[in-house]
Amino acid sequence: MGRKPMVRPGGRSARVQASVHAAVRELESEVGREALTVPLVATRAGVTPSTIYRRWGDLQELLSDVAVERLRPETAPEETGNLRTDLEAWAEQFLEEMASPTGRAYIRDALLGDPDGSNAGQCSAYAAEQIDVVLARAAERGESAPETETILDRVVAPVMYRILFRPDGLDAAYARRLVSGLLDPADR
């Protein structure tokens, strides 16, 4: 089936992607996700159903693509002045966004329409990019910091596991405990 490349397309392809994504978002809010069909989305987007099938393969892959785009952070992480509080602020916001009903729905859609794992990889890359910003700021201040992969393993991975399988007790305090366990391993 036709999978879109991870590189953002230009020209007509970008316009098609933008109009189809917008149609999905509009229709989800108007008629609900369960009522979405490829022909309905195509009509709203002003394209043929074959355009959607050729580019995305099926409705689930389209919903997955839309979800990945919606999971892209819109702003840089908050800068608080030191690594601990920067990481805490980022982890709290990440947890809050991903654990929300909307975040959970996007995670589900991103993974369900992702036969080759590229959408999961893109979502992971978004988190890594945000962490890299926090770590670059810490380096500019002369602070020592763990590696990006370590933060992904010790903060992001437990948050995602808990969101997917054990959602109780997910709050800002949990995010802060993960950061504390990462930065103060002797206190665990």
Side-chain angles (χ1 to χ4, degrees), residues 4-8 17-18 21-22 24-25 28-29 33 60 63-114 116-188:
K4 75 162 190 69
M6 291 313 296
V7 177
R8 285 181 177 256
Q17 179 178 343
H21 279 218
V24 168
R25 290 189 304 271
E28 276 183 320
S29 68
R33 186 177 182 282
Q60 189 58 62
L63 293 175
S64 183
D65 189 48
V66 170
V68 170
E69 188 61 30
R70 298 301 296 253
L71 289 168
R72 177 190 304 271
E74 295 179 6
T75 60
E78 180 181 351
E79 186 169 6
T80 66
N82 73 64
L83 176 63
R84 176 180 299 276
T85 54
D86 281 0
L87 274 178
E88 286 175 346
W90 178 81
E92 288 174 25
Q93 181 178 356
F94 179 79
L95 185 148
E96 181 180 315
E97 290 174 2
M98 296 296 125
S100 72
T102 301
R104 288 174 200 256
Y106 289 145
I107 291 167
R108 183 181 57 250
D109 281 345
L111 297 177
L112 284 175
D114 188 26
D116 64 1
S118 61
N119 288 345
Q122 186 58 53
C123 291
S124 178
Y126 294 155
E129 289 166 7
Q130 294 271 294
I131 292 166
D132 287 344
V133 169
V134 170
L135 296 180
R137 291 174 182 161
E140 289 172 8
R141 294 188 297 258
E143 296 175 278
S144 65
E147 298 290 321
T148 300
E149 286 298 317
T150 303
I151 297 169
L152 288 169
D153 289 345
R154 304 268 306 275
V155 177
V156 176
V159 165
M160 293 306 292
Y161 178 86
R162 292 286 303 269
I163 287 170
L164 292 171
F165 302 111
R166 297 190 63 170
D168 293 336
L170 289 178
D171 56 17
Y174 176 71
R176 288 191 302 272
R177 284 193 308 274
L178 291 174
V179 171
S180 181
L182 171 69
L183 299 178
D184 306 322
D187 294 342
R188 287 187 289 156

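Partners of Arg70 under the salt bridge (Lys or Arg N to Asp or Glu O under 4.0 Å) rule, at least two apart in sequence or in another chain, do not exist in this structure. Qualifying side chain to side chain donor-acceptor pair (under 3.5 Å) partners for Arg33, counting only residues two or more places apart in sequence or in other chains: Asp109. The side-chain contact (heavy atoms from CB on, under 4.5 Å) test applied to Ala120 returns Leu111, Asp114, not counting sequence neighbours. Legend: residues meeting side chain to side chain donor-acceptor pair (under 3.5 Å) with Arg176, ordered by chain and number and at least two apart, are Glu92. With sequence neighbours excluded, the residues satisfying side-chain contact (heavy atoms from CB on, under 4.5 Å) with Ala22 are Arg25, Glu26. Every side-chain contact (heavy atoms from CB on, under 4.5 Å) that Arg177 has, sequence neighbours left out, goes to Ala173, Tyr174. Partners of Glu28 under the side chain to side chain donor-acceptor pair (under 3.5 Å) rule, at least two apart in sequence or in another chain, do not exist in this structure. Remark: Thr102 engages no residue in a side chain to side chain donor-acceptor pair (under 3.5 Å) (not counting sequence neighbours).
Between the CZ atom in Arg108 and the CD1 atom in Ile163 there is a gap of 13.0 Å [rounded to 0.5 Å].
The salt bridge (Lys or Arg N to Asp or Glu O under 4.0 Å) pairs that include a residue from residues 160-171 number zero, where partners must be two or more places apart or lie in different chains. Contacts classified as ring-ring contact (aromatic ring centres under 6.0 Å, His included) and involving residues 129-170 (residues at least two apart or in different chains) are given here: Tyr161-Phe165.
Heavy-atom contacts from other residues, nucleotides or ligands closer than 6.0 Å to CD of Glu96 number 12 or fewer.
Residues Glu69 and Arg72 have side chains in contact (heavy-atom distance under 4.5 Å, counting atoms from C-beta outward). Arg154 is not listed as a side-chain neighbour of Leu178, based on a closest heavy-atom distance of 4.5 Å or more. Looking at Val155 and Leu87, their side chains never come closer than 4.5 Å, going by heavy atoms from C-beta outward. No side-chain heavy atom of Gln122 sits under 4.5 Å from any side-chain heavy atom of Leu71. Counting heavy atoms from C-beta on, the side chains of Arg104 and Pro167 come closer than 4.5 Å. Here the side chains of Arg84 and Asp184 are in contact, with some heavy-atom distance below 4.5 Å. Considering only heavy atoms from C-beta on, Pro146 comes within 4.5 Å of Leu183 through its side chain.
For the pair Met160 and Ile107, the tightest heavy-atom approach, listed with the atom from each and the gap, is CE-CD1, 3.5 Å. Minimum interatomic distance between Ser64 and Ala110 (heavy atoms only, all atoms of both residues): OG-O, 2.7 Å.
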All N/O donor-acceptor pairs, side-chain side in residues 127-138, below 3.5 Å, sequence neighbours left out:
{"from": "Gln130", "atom 1": "OE1", "to": "Trp90", "atom 2": "NE1", "distance (Å)": "3.4"}
{"from": "Gln130", "atom 1": "NE2", "to": "Thr75", "atom 2": "O", "distance (Å)": "3.2"}
{"from": "Asp132", "atom 1": "OD1", "to": "Thr148", "atom 2": "OG1", "distance (Å)": "2.5"}
{"from": "Arg137", "atom 1": "NH1", "to": "Pro77", "atom 2": "O", "distance (Å)": "2.7"}
{"from": "Arg137", "atom 1": "NH1", "to": "Glu78", "atom 2": "O", "distance (Å)": "3.3"}
{"from": "Arg137", "atom 1": "NH2", "to": "Pro77", "atom 2": "O", "distance (Å)": "3.0"}

